[in-house]
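Predicted model, so just to flag it, every value in this text is computed and none were measured. Counting starts at 1 for both ligands and their atoms, in listed order.
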Amino acid sequence: MFKKILIANRGEIALRVIVACRELGIKTVAVYSEADENSLHVKYADEDVCIGPPRSTDSYLNVPAIISAAEITGADAIHPGYGFLSESAYLAEVCEACHIRFIGPDPNVIKLMGDKARARRAMKKAGVPMLPGSDGPVDSEEKALKCAKDVGYPVIIKAVAGGGGRGMRVVRNPADLPNLLRTAQREAEAAFGVGDVYIEKYLENPRHIEFQILGDHHGNLVHLGERECSIQRRHQKLLEESPASPLTDKIRRKMGSLVVDAAKAVQYTNAGTFEFLMDKDGKFYFMEANTRLQVEHPVTEMVTGIDIVKEQIRIAAGERLGFKQSEVTFTGHAIECRINAEDPETFAPSPGVIHAFSVPGGPGVRIDTAAHSECTISPYYDSMIAKIIVHGRDRQEAIARMRRTLEMTVIEGIKTTVPLQLKIISDPDFAAGKLSTAFMERFAPAPKDTRLADTA
Ligand code: MV4
């Protein structure tokens, strides 16, 4: 087992990894930017190294600085958390070259899944259901028009290097295609440095359902069920839950074993998420795979009792998964609300100093946060300041728990999304499980979504 792990991240997820390391008896190294000197992840780590100025590109994205910090402190592994370098095949390769273990999948698997057109091909070959679309990138107007005609309108143009909605365009008729193709390519080039795009049939108001997997280096691979993440705004998830209310045990087993087989086919190891769109008839279509620990992993931990971060560390150290698929059980219902330092109306960031911070616990409540009273929420990073996760015997109990927890939460000094989360959790359609990716349009009508607005 590792003796010392460096955590190449900040905030609540850095703390989450420290928690797992402590329980495993592993020493920790925090890295931090000049803006994070007084952060909790620095306080709770056994050692800490400043890796640069506040801007992410100068610190949390600075591979040489992070590798140097690992070498100076003698860390034998790096956990990248989520965001930042978590899906960087480059970091994974440099780690390998420096004999530092990267806690995540093999760089080749990161590269495969990072190229959405290649991932689509590989998953199709492995028998995963897929929306019709182009076989690989489309590099000309003629090919794009031909493909869209074959698939049938509406279609969606997506960046090969994409994810998160950037470089996406919905095309409803052929006359609009040439312009939208060019704008999508330009946007992809600007955002990712790769202008390649591919085409897929566009599904109206789908649900977003994703499967969590864990695979070791001995050929054992299991799924931990699904999460529903349909409550989003501008491709930012707001609330996630497990199980997804429309899924029966039978569908979970079928989709789960499909995902396990597909992941085995690409020799997937460590933790991963396979994202699907689900249509009104309950049909699933592969969207993309994420090769990192995800923000919403706690809802899966709550219903399975499996500590995903500890499993990631054990797997990276070469240990075998300690359980079989038949030993993975799903109990009750879990919901996560992301609390962001944002104006709940406009979603504009609201950095500043928190003057009161109190979130009640109680049965079935988990708070993952690095925030506290008198801490400063920096404008340099993501605005998520806490995750409230609840577990109940059923969805109804989980909703009641989340509602009372949100009602009793006190955060002063900055604006937060607590009032918005209260509206969602109190909504009759939410209670009835009537979810789709269009759910938030009723709450906070997005005046201008630069990625999808001109396509609506
Ligand atoms: C889609 C889609 C409909 N049809 N693909 C948005 C983020 C990116 N990862 C993929 N996205 C979508 N892809 C097809 N073929 C609708 C979306 C989408 C969406 C997906 C999940 C959650 C929220 C969303 C909001 C708008 C669009």
Side-chain angles (χ1 to χ4, degrees), residues 82-83 87 113-121 123-124 128-135 137-138 144 147-148 150-172 177 180 184 187-188 191-192 196-211 226-241 244 246 272-281 283-292 294-296 336 338 347 424 434-446 448-456:
Y82 54 67
E87 294 182 284
M113 297 309 186
D115 180 330
K116 309 299 166 185
R118 266 184 78 207
R120 211 179 119 85
R121 264 206 200 120
M123 291 301 103
K124 193 173 174 186
V128 179
M130 197 90 40
L131 285 160
S134 61
D135 184 36
V138 286
C147 173
D150 293 347
V151 163
Y153 290 87
V155 299
I156 184 165
I157 305 172
K158 293 184 177 182
V160 159
R166 272 189 301 184
M168 281 179 20
R169 287 293 181 279
V170 178
V171 189
R172 296 191 180 274
L177 192 138
L180 291 171
E187 198 172 306
F192 313 111
D196 290 353
V197 298
Y198 63 105
I199 287 177
E200 244 176 42
K201 172 90 190 154
Y202 180 67
L203 205 61
E204 307 275 359
N205 303 339
R207 297 171 84 121
H208 173 139
I209 294 173
E210 57 187 32
F211 278 78
E226 80 288 356
R227 298 182 283 260
E228 166 139 31
C229 312
S230 298
I231 312 287
Q232 312 203 359
R233 187 189 188 259
R234 295 189 181 189
H235 308 296
Q236 289 290 108
K237 293 171 186 164
L238 293 170
L239 181 153
E240 306 96 341
E241 58 182 305
T273 300
F274 285 65
E275 297 186 344
F276 292 87
L277 296 174
M278 194 188 92
D279 69 13
K280 287 174 197 65
D281 304 323
K283 285 212 206 61
F284 281 87
Y285 305 98
F286 175 77
M287 190 160 54
E288 53 192 75
N290 301 317
T291 56
R292 61 168 188 278
Q294 290 201 249
V295 174
E296 61 270 28
E336 170 179 281
R338 299 187 186 193
F347 283 75
I424 298 168
K434 288 185 193 161
L435 308 188
S436 89
T437 50
F439 183 90
M440 286 308 295
E441 286 168 20
R442 266 196 309 120
F443 285 81
K448 188 158 174 49
D449 185 324
T450 54
R451 286 148 298 203
L452 286 173
D454 54 354
T455 64

Under 4.0 Å, heavy-atom basis, I'd like to know which part of Glu204 is in contact with ligand 1: side chain, backbone, both or neither. neither
Using 30° and 60° as the class boundaries, would you call the ring planes of Phe211 and Phe276 parallel, tilted or perpendicular? perpendicular
Backbone or side-chain N or O of Lys158 under 3.5 Å from ligand 1 N or O: yes
Output the distance between atom CD (Glu288) and atom CG (Asp115), rounded to the nearest 0.5 Å. 11.5 Å
Contact check: Thr437 vs ligand 1, nitrogen or oxygen atoms, below 3.5 angstrom: no
In ligand 1, which numbered atoms sit nearer than 4.0 Å to a non-hydrogen atom of Ile156? 1 (C), 5 (N), 14 (C), 15 (N)
Atom of Leu203, atom of Met278 and distance for their closest heavy-atom approach: CD2-C, 4.5 Å
Working to the nearest 0.5 angstrom, can you tell me the gap between Lys280 NZ and Glu204 CD? 7.0 Å
Heteroatom proximity flag, Glu288 to ligand 1, N/O under 3.5 Å: yes
For the student: nearest non-hydrogen atoms of Arg207 and Pro246, plus distance: NH2-CD, 3.4 Å
If we number the atoms of ligand 1 from 1 as shown, the ones under 4.0 Å from a heavy atom of Glu200 are 5 (N), 14 (C), 15 (N)
Hits for side chain to side chain contact (heavy atoms under 4.5 Å, CB included) against Ala144, two or more places apart or cross-chain, chain-then-number order -> Val138, Leu177, Leu181, Ile199
Best match, His235, Gln232, Met287, Arg207: closest heavy atom to atom 27 (C) of ligand 1: His235
Can you confirm, on distance only, whether ligand 1 has an N/O atom lying under 3.5 Å from any N/O atom belonging to Leu131? no
So for atom NZ, which belongs to Lys124, do other residues, nucleotides or ligands contribute more than 12 heavy atoms lying within a distance under 6.0 Å? no
Please report whether ligand 1 has a polar contact with Lys201, defined as an N or O pair separated by less than 3.5 Å (distance criterion only). yes
Any atom of ligand 1 sitting under 4.0 Å from a heavy atom of Met168? yes
Test the Arg233-Phe347 pair against the cation-pi criterion, namely NZ or CZ under 6.0 angstrom from the six-membered ring centroid and within 45° of the ring axis. yes
Ligand 1 contacted by Lys237 (non-hydrogen, < 4.0 Å): no
